[in-house]
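Take a look at the structure below.
Reminder, nothing fancy here: chain letters follow the sequence lines and each chain counts from 1.
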Protein chains: 2
Amino acid sequence: MSWDLKTDRPIYSQLIEQIEIKICSGIFAPGSKLPSVRELAQEAAVNPNTMQKALSMLEEDGLLYTNRTSGRFITEDAKMIEQAKHKLAQDQISEFLEKMKSLGFGKTETLSIISTMLEEAKK
Amino acid sequence: MSWDLKTDRPIYSQLIEQIEIKICSGIFAPGSKLPSVRELAQEAAVNPNTMQKALSMLEEDGLLYTNRTSGRFITEDAKMIEQAKHKLAQDQISEFLEKMKSLGFGKTETLSIISTMLEEAKK
DNA sequence: ATTATTGTATTAAGTACTTAGTACAATAAT
DNA sequence: ATTATTGTACTAAGTACTTAATACAATAAT
(Lines give C-alpha, C1' and ligand atoms only; values in the text may rest on other atoms or scores of the structure.)
Protein backbone atom coordinates (compact mmCIF):
# COMPACT_ATOMS: atom_id res chain seq x y z
CA MET A 1 0.00 0.00 0.00
CA SER A 2 1.73 3.13 -1.22
CA TRP A 3 1.18 6.33 0.72
CA ASP A 4 3.63 8.74 -0.77
CA LEU A 5 2.85 12.09 0.74
CA LYS A 6 4.44 15.31 -0.39
CA THR A 7 5.12 18.33 1.75
CA ASP A 8 3.82 20.99 -0.62
CA ARG A 9 0.19 20.40 0.23
CA PRO A 10 -1.87 19.58 3.34
CA ILE A 11 -1.53 15.91 4.22
CA TYR A 12 -5.19 15.41 5.02
CA SER A 13 -6.22 16.49 1.55
CA GLN A 14 -3.73 14.11 -0.04
CA LEU A 15 -5.11 11.32 2.13
CA ILE A 16 -8.62 12.10 0.95
CA GLU A 17 -7.53 11.91 -2.68
CA GLN A 18 -5.63 8.67 -2.27
CA ILE A 19 -8.32 6.89 -0.29
CA GLU A 20 -10.88 7.98 -2.85
CA ILE A 21 -8.68 6.51 -5.55
CA LYS A 22 -8.25 3.25 -3.64
CA ILE A 23 -12.01 2.98 -3.41
CA CYS A 24 -12.65 3.83 -7.06
CA SER A 25 -9.96 1.49 -8.31
CA GLY A 26 -11.24 -1.38 -6.20
CA ILE A 27 -8.22 -1.67 -3.90
CA PHE A 28 -10.74 -1.02 -1.15
CA ALA A 29 -13.59 -3.29 -2.26
CA PRO A 30 -17.28 -2.30 -1.95
CA GLY A 31 -18.74 -3.35 1.38
CA SER A 32 -15.37 -4.25 2.86
CA LYS A 33 -14.14 -3.02 6.21
CA LEU A 34 -11.46 -0.38 6.35
CA PRO A 35 -8.52 -0.78 8.68
CA SER A 36 -8.99 1.24 11.86
CA VAL A 37 -8.06 4.89 12.05
CA ARG A 38 -5.02 3.99 14.11
CA GLU A 39 -3.88 1.30 11.67
CA LEU A 40 -4.33 3.49 8.63
CA ALA A 41 -2.52 6.29 10.38
CA GLN A 42 0.43 4.04 11.14
CA GLU A 43 0.46 2.67 7.59
CA ALA A 44 0.59 6.17 6.15
CA ALA A 45 3.05 7.32 8.83
CA VAL A 46 0.67 10.03 9.87
CA ASN A 47 -0.91 11.18 13.10
CA PRO A 48 -4.23 9.48 13.89
CA ASN A 49 -5.87 12.90 14.15
CA THR A 50 -4.89 13.67 10.58
CA MET A 51 -6.21 10.37 9.27
CA GLN A 52 -9.40 10.83 11.27
CA LYS A 53 -9.84 14.24 9.72
CA ALA A 54 -9.48 12.85 6.22
CA LEU A 55 -11.84 9.93 6.84
CA SER A 56 -14.57 12.01 8.43
CA MET A 57 -14.43 14.46 5.55
CA LEU A 58 -14.61 11.61 3.08
CA GLU A 59 -17.82 10.33 4.66
CA GLU A 60 -19.64 13.44 3.58
CA ASP A 61 -19.44 12.18 0.01
CA GLY A 62 -21.11 8.89 0.98
CA LEU A 63 -18.37 6.55 -0.20
CA LEU A 64 -17.76 5.54 3.42
CA TYR A 65 -19.96 5.01 6.43
CA THR A 66 -19.27 4.36 10.07
CA ASN A 67 -20.65 1.70 12.37
CA ARG A 68 -20.08 3.35 15.71
CA THR A 69 -17.60 0.90 17.19
CA SER A 70 -17.20 -1.89 14.67
CA GLY A 71 -15.36 0.36 12.26
CA ARG A 72 -15.65 2.04 8.90
CA PHE A 73 -16.88 0.39 5.73
CA ILE A 74 -16.87 1.08 2.02
CA THR A 75 -20.32 1.62 0.55
CA GLU A 76 -21.93 -1.42 -1.11
CA ASP A 77 -23.38 0.90 -3.75
CA ALA A 78 -21.24 -0.10 -6.72
CA LYS A 79 -23.04 2.40 -8.91
CA MET A 80 -22.05 5.27 -6.63
CA ILE A 81 -18.45 4.13 -6.78
CA GLU A 82 -18.58 3.89 -10.54
CA GLN A 83 -19.97 7.42 -10.75
CA ALA A 84 -17.27 8.73 -8.43
CA LYS A 85 -14.65 7.01 -10.57
CA HIS A 86 -15.87 8.65 -13.75
CA LYS A 87 -16.17 12.01 -12.08
CA LEU A 88 -12.57 11.77 -10.90
CA ALA A 89 -11.48 10.80 -14.40
CA GLN A 90 -13.38 13.67 -15.98
CA ASP A 91 -11.88 16.11 -13.48
CA GLN A 92 -8.39 14.84 -14.18
CA ILE A 93 -8.87 15.17 -17.91
CA SER A 94 -10.34 18.67 -17.69
CA GLU A 95 -7.62 19.90 -15.39
CA PHE A 96 -4.97 18.35 -17.61
CA LEU A 97 -6.29 19.84 -20.84
CA GLU A 98 -6.63 23.19 -19.09
CA LYS A 99 -2.99 23.22 -18.04
CA MET A 100 -1.80 22.13 -21.46
CA LYS A 101 -3.87 24.89 -23.01
CA SER A 102 -2.28 27.47 -20.74
CA LEU A 103 1.09 26.26 -21.99
CA GLY A 104 -0.03 26.85 -25.56
CA PHE A 105 -1.03 23.34 -26.57
CA GLY A 106 -4.54 23.00 -27.98
CA LYS A 107 -6.67 19.94 -27.38
CA THR A 108 -5.93 18.18 -30.64
CA GLU A 109 -2.26 19.06 -30.36
CA THR A 110 -2.14 17.64 -26.85
CA LEU A 111 -3.83 14.51 -28.11
CA SER A 112 -1.29 14.01 -30.87
CA ILE A 113 1.59 14.57 -28.43
CA ILE A 114 0.33 11.76 -26.23
CA SER A 115 -0.31 9.56 -29.26
CA THR A 116 3.22 9.88 -30.51
CA MET A 117 4.53 9.36 -26.96
CA LEU A 118 2.71 6.05 -26.80
CA GLU A 119 3.89 5.08 -30.27
CA GLU A 120 7.47 5.80 -29.22
CA ALA A 121 7.02 3.75 -26.06
CA LYS A 122 5.96 0.72 -28.08
CA LYS A 123 9.24 0.62 -29.99
CA MET B 1 -4.02 38.74 -16.35
CA SER B 2 -5.68 35.93 -14.42
CA TRP B 3 -4.30 35.07 -11.00
CA ASP B 4 -6.78 32.62 -9.60
CA LEU B 5 -5.27 31.32 -6.40
CA LYS B 6 -6.73 28.48 -4.40
CA THR B 7 -6.49 28.04 -0.67
CA ASP B 8 -5.58 24.36 -0.62
CA ARG B 9 -1.96 24.95 -1.45
CA PRO B 10 0.75 27.51 -0.55
CA ILE B 11 0.23 30.68 -2.56
CA TYR B 12 3.91 31.18 -3.32
CA SER B 13 4.10 27.82 -5.06
CA GLN B 14 1.04 28.61 -7.15
CA LEU B 15 2.63 31.90 -8.11
CA ILE B 16 5.77 30.10 -9.22
CA GLU B 17 3.75 27.76 -11.42
CA GLN B 18 1.70 30.49 -12.98
CA ILE B 19 4.60 32.82 -13.68
CA GLU B 20 6.51 29.93 -15.21
CA ILE B 21 3.53 29.26 -17.44
CA LYS B 22 3.26 32.91 -18.43
CA ILE B 23 6.90 32.82 -19.47
CA CYS B 24 6.65 29.55 -21.37
CA SER B 25 3.48 30.56 -23.16
CA GLY B 26 4.96 33.90 -24.19
CA ILE B 27 2.63 36.11 -22.14
CA PHE B 28 5.86 37.33 -20.56
CA ALA B 29 8.04 37.76 -23.63
CA PRO B 30 11.75 36.86 -23.69
CA GLY B 31 13.92 39.80 -22.65
CA SER B 32 11.00 41.88 -21.49
CA LYS B 33 10.82 43.59 -18.13
CA LEU B 34 8.58 42.19 -15.46
CA PRO B 35 6.34 44.51 -13.48
CA SER B 36 7.85 45.35 -10.10
CA VAL B 37 7.39 43.09 -7.11
CA ARG B 38 4.90 45.54 -5.65
CA GLU B 39 2.90 45.78 -8.87
CA LEU B 40 2.77 42.04 -9.37
CA ALA B 41 1.76 41.58 -5.77
CA GLN B 42 -1.07 44.03 -6.14
CA GLU B 43 -2.20 42.43 -9.40
CA ALA B 44 -2.33 39.02 -7.78
CA ALA B 45 -3.88 40.44 -4.60
CA VAL B 46 -1.02 39.05 -2.59
CA ASN B 47 1.45 40.40 -0.08
CA PRO B 48 4.67 41.73 -1.65
CA ASN B 49 6.66 39.40 0.57
CA THR B 50 4.89 36.40 -0.91
CA MET B 51 5.47 37.58 -4.48
CA GLN B 52 9.09 38.31 -3.68
CA LYS B 53 9.48 34.80 -2.32
CA ALA B 54 8.07 33.28 -5.50
CA LEU B 55 10.19 35.44 -7.81
CA SER B 56 13.44 34.83 -5.99
CA MET B 57 12.82 31.10 -6.03
CA LEU B 58 12.02 31.26 -9.73
CA GLU B 59 15.37 32.89 -10.46
CA GLU B 60 17.18 29.75 -9.41
CA ASP B 61 15.91 28.10 -12.58
CA GLY B 62 17.41 30.82 -14.74
CA LEU B 63 14.21 31.92 -16.46
CA LEU B 64 14.49 35.27 -14.69
CA TYR B 65 17.32 37.53 -13.71
CA THR B 66 17.58 40.67 -11.64
CA ASN B 67 19.24 43.98 -12.43
CA ARG B 68 19.75 45.33 -8.95
CA THR B 69 17.49 48.34 -9.12
CA SER B 70 16.15 48.52 -12.63
CA GLY B 71 13.99 45.45 -12.11
CA ARG B 72 13.55 41.86 -13.14
CA PHE B 73 13.70 40.58 -16.70
CA ILE B 74 12.80 37.45 -18.59
CA THR B 75 15.76 35.60 -20.03
CA GLU B 76 16.55 36.33 -23.70
CA ASP B 77 17.50 32.68 -24.12
CA ALA B 78 14.55 31.46 -26.19
CA LYS B 79 15.97 27.98 -26.28
CA MET B 80 15.93 27.77 -22.49
CA ILE B 81 12.31 28.86 -22.46
CA GLU B 82 11.42 26.29 -25.10
CA GLN B 83 13.09 23.58 -23.05
CA ALA B 84 11.25 24.66 -19.92
CA LYS B 85 8.00 24.61 -21.86
CA HIS B 86 8.52 21.07 -23.05
CA LYS B 87 9.60 19.91 -19.63
CA LEU B 88 6.44 21.35 -18.11
CA ALA B 89 4.37 19.63 -20.78
CA GLN B 90 6.11 16.31 -20.21
CA ASP B 91 5.59 16.60 -16.46
CA GLN B 92 1.91 17.38 -16.93
CA ILE B 93 1.45 14.41 -19.21
CA SER B 94 3.30 11.99 -16.94
CA GLU B 95 1.43 13.13 -13.87
CA PHE B 96 -1.86 12.89 -15.71
CA LEU B 97 -1.27 9.40 -17.08
CA GLU B 98 -0.10 8.31 -13.63
CA LYS B 99 -3.31 9.46 -11.98
CA MET B 100 -5.46 7.89 -14.66
CA LYS B 101 -3.57 4.65 -14.22
CA SER B 102 -4.18 4.70 -10.47
CA LEU B 103 -7.90 5.01 -11.27
CA GLY B 104 -7.67 1.91 -13.44
CA PHE B 105 -7.39 3.49 -16.87
CA GLY B 106 -4.46 2.28 -18.98
CA LYS B 107 -2.59 4.58 -21.32
CA THR B 108 -4.35 3.54 -24.50
CA GLU B 109 -7.70 3.55 -22.73
CA THR B 110 -7.05 7.06 -21.44
CA LEU B 111 -6.12 8.12 -24.95
CA SER B 112 -9.33 6.77 -26.42
CA ILE B 113 -11.39 8.47 -23.71
CA ILE B 114 -9.93 11.82 -24.63
CA SER B 115 -10.35 11.10 -28.34
CA THR B 116 -14.04 10.37 -28.00
CA MET B 117 -14.42 13.41 -25.75
CA LEU B 118 -13.00 15.62 -28.48
CA GLU B 119 -15.16 13.92 -31.11
CA GLU B 120 -18.21 14.58 -28.99
CA ALA B 121 -17.19 18.19 -28.53
CA LYS B 122 -17.06 18.72 -32.29
CA LYS B 123 -20.70 17.80 -32.73
C1' DA C 1 -18.68 -9.35 33.53
C1' DT C 2 -14.42 -8.04 31.79
C1' DT C 3 -11.39 -6.64 28.19
C1' DA C 4 -10.06 -4.89 23.93
C1' DT C 5 -11.13 -2.26 19.98
C1' DT C 6 -13.82 1.10 17.69
C1' DG C 7 -14.53 6.19 16.44
C1' DT C 8 -14.19 10.54 18.53
C1' DA C 9 -12.80 14.71 21.31
C1' DT C 10 -9.56 17.74 23.66
C1' DT C 11 -5.44 20.28 24.88
C1' DA C 12 -0.81 21.85 24.12
C1' DA C 13 3.06 22.56 21.30
C1' DG C 14 5.67 23.28 17.06
C1' DT C 15 5.99 24.53 12.21
C1' DA C 16 4.98 26.81 7.80
C1' DC C 17 2.58 30.26 5.36
C1' DT C 18 0.70 34.84 4.87
C1' DT C 19 0.10 39.53 5.91
C1' DA C 20 1.08 44.31 7.60
C1' DG C 21 4.24 47.54 8.42
C1' DT C 22 8.61 49.43 8.09
C1' DA C 23 13.14 50.15 6.57
C1' DC C 24 17.48 50.18 3.77
C1' DA C 25 20.82 50.36 -0.21
C1' DA C 26 21.40 50.99 -5.08
C1' DT C 27 20.38 53.40 -9.05
C1' DA C 28 17.32 55.31 -12.66
C1' DA C 29 14.87 59.54 -13.46
C1' DT C 30 14.38 64.29 -12.73
C1' DA D 1 21.78 67.05 -6.18
C1' DT D 2 17.35 65.36 -5.28
C1' DT D 3 13.63 62.19 -5.81
C1' DA D 4 11.42 58.07 -6.99
C1' DT D 5 11.70 53.31 -7.93
C1' DT D 6 14.01 49.04 -7.63
C1' DG D 7 14.90 44.60 -4.98
C1' DT D 8 15.56 43.17 -0.44
C1' DA D 9 15.36 42.46 4.70
C1' DC D 10 13.22 42.41 9.15
C1' DT D 11 9.80 42.00 12.96
C1' DA D 12 5.32 40.99 14.77
C1' DA D 13 0.94 38.93 14.43
C1' DG D 14 -2.58 35.67 12.92
C1' DT D 15 -3.98 31.38 10.76
C1' DA D 16 -3.89 26.52 9.31
C1' DC D 17 -1.79 22.16 9.60
C1' DT D 18 0.39 18.47 12.12
C1' DT D 19 1.79 15.96 16.00
C1' DA D 20 1.80 14.06 20.75
C1' DA D 21 -0.59 12.67 24.52
C1' DT D 22 -4.80 11.60 26.73
C1' DA D 23 -9.28 10.49 27.46
C1' DC D 24 -14.11 8.90 26.78
C1' DA D 25 -18.29 6.25 25.20
C1' DA D 26 -20.01 2.36 22.69
C1' DT D 27 -19.74 -2.26 21.60
C1' DA D 28 -17.52 -6.48 19.81
C1' DA D 29 -14.82 -10.19 21.66
C1' DT D 30 -13.62 -12.98 25.41
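Separating the CZ atom of A:Phe73 from the P atom of C:dT6 is a distance of 11 Å, rounded to the nearest angstrom. Here the P atom of nucleotide C:dA16 and the CG atom of A:Leu5 are 17 Å apart, to the nearest Å. Rounded to an integer number of Å, the gap from CG of B:Asp8 to P of C:dC17 is 15 Å. Atom CD1 of A:Ile16 is separated from atom P of D:dC17 by 11 Å (rounded to the nearest Å). Distance A:Asn67 CG to C:dT8 C1': 15 Å, rounded to the nearest Å. The interatomic distance linking B:Arg68 (CZ) with C:dA26 (C1') rounds to 5 Å, in whole Å. Spacing between atom CG of A:Leu34 and atom P of C:dT6 amounts to 12 Å, rounded to whole angstrom units. Atom-to-atom, CZ of A:Arg9 to C1' of C:dT15 comes out at 19 Å; the value is rounded to the nearest Å.
Which of C:dC17, D:dA28, C:dA28 sits closest to the side chain of B:Ser70 comes down to C:dA28. Ranking C:dG7, C:dA23, D:dT27 by closeness to the A:Thr69 side chain, first place goes to D:dT27.
B:Asp77 places a side-chain N or O within 3.5 Å of a backbone atom of B:Met80 that can act as its donor or acceptor partner.
Partners of B:Glu119 by salt bridge (charged side-chain N to carboxylate O under 4.0 Å, His left out), not counting sequence neighbours, listed by chain and number: B:Lys122. Looking at residues two or more places apart in sequence or on another chain, you find a side chain to side chain contact (heavy atoms under 4.5 Å, CB included) between B:Glu59 and B:Leu64, B:Thr66, B:Arg72.
Using a 4.0 Å cut-off, no side-chain N or O of A:Thr66 falls inside it from OP1 or OP2 of C:dG7.
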Exercise answer: donor-acceptor pairs, residues 49-56 of chain B side-chain atoms, under 3.5 Å, sequence neighbours excluded:
| residue | atom | partner | partner atom | Å |
| --- | --- | --- | --- | --- |
| B:Asn49 | ND2 | B:Asn47 | OD1 | 3.1 |
| B:Ser56 | OG | B:Gln52 | O | 3.2 |
| B:Ser56 | OG | B:Lys53 | O | 3.1 |

Distance-only criterion, 3.5 Å: show the donor-acceptor pairs between side-chain atoms of residues 106-113 of chain B and protein atoms not counting sequence neighbours.
| residue | atom | partner | partner atom | Å |
| --- | --- | --- | --- | --- |
| B:Thr110 | OG1 | B:Gly106 | O | 2.9 |
| B:Ser112 | OG | B:Glu109 | O | 2.8 |

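Salt bridge status for A:Arg9 with A:Glu17: present, with a side-chain N to carboxylate O gap under 4.0 Å.
Within residues 42-64 of chain A, the residues approaching DNA chain C are A:Asn49, A:Gln52, by heavy-atom distance under 4.0 Å.
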Under the 3.5 Å Watson-Crick or G-U criterion, the dot-bracket string of DNA chain C, with | for inter-strand pairs: ||||||||||||||||||||||||||||||
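Inter-residue side-chain proximity for A:Leu103 and B:Ser25 is flagged as unmet; no heavy-atom pair is nearer than 4.5 Å.
When hydrophobic clusters are built by joining Ile, Leu, Val, Met, Phe, Trp and Tyr residues whose side-chain heavy atoms come closer than 4.5 Å, directly or via intermediates, B:Phe28 is grouped together with B:Leu15. Residues A:Ile81 and A:Leu88 are members of separate hydrophobic clusters, defined by side-chain heavy-atom contacts under 4.5 angstrom among Ile, Leu, Val, Met, Phe, Trp and Tyr.
Between the side chain of A:Arg72 and the base of C:dG7, no donor-acceptor pair under 3.5 Å is found.
Residue order along DNA chain C, read from the 5' end via each residue's closest nucleotide, puts A:Gly71 first among A:Thr7 and A:Gly71.
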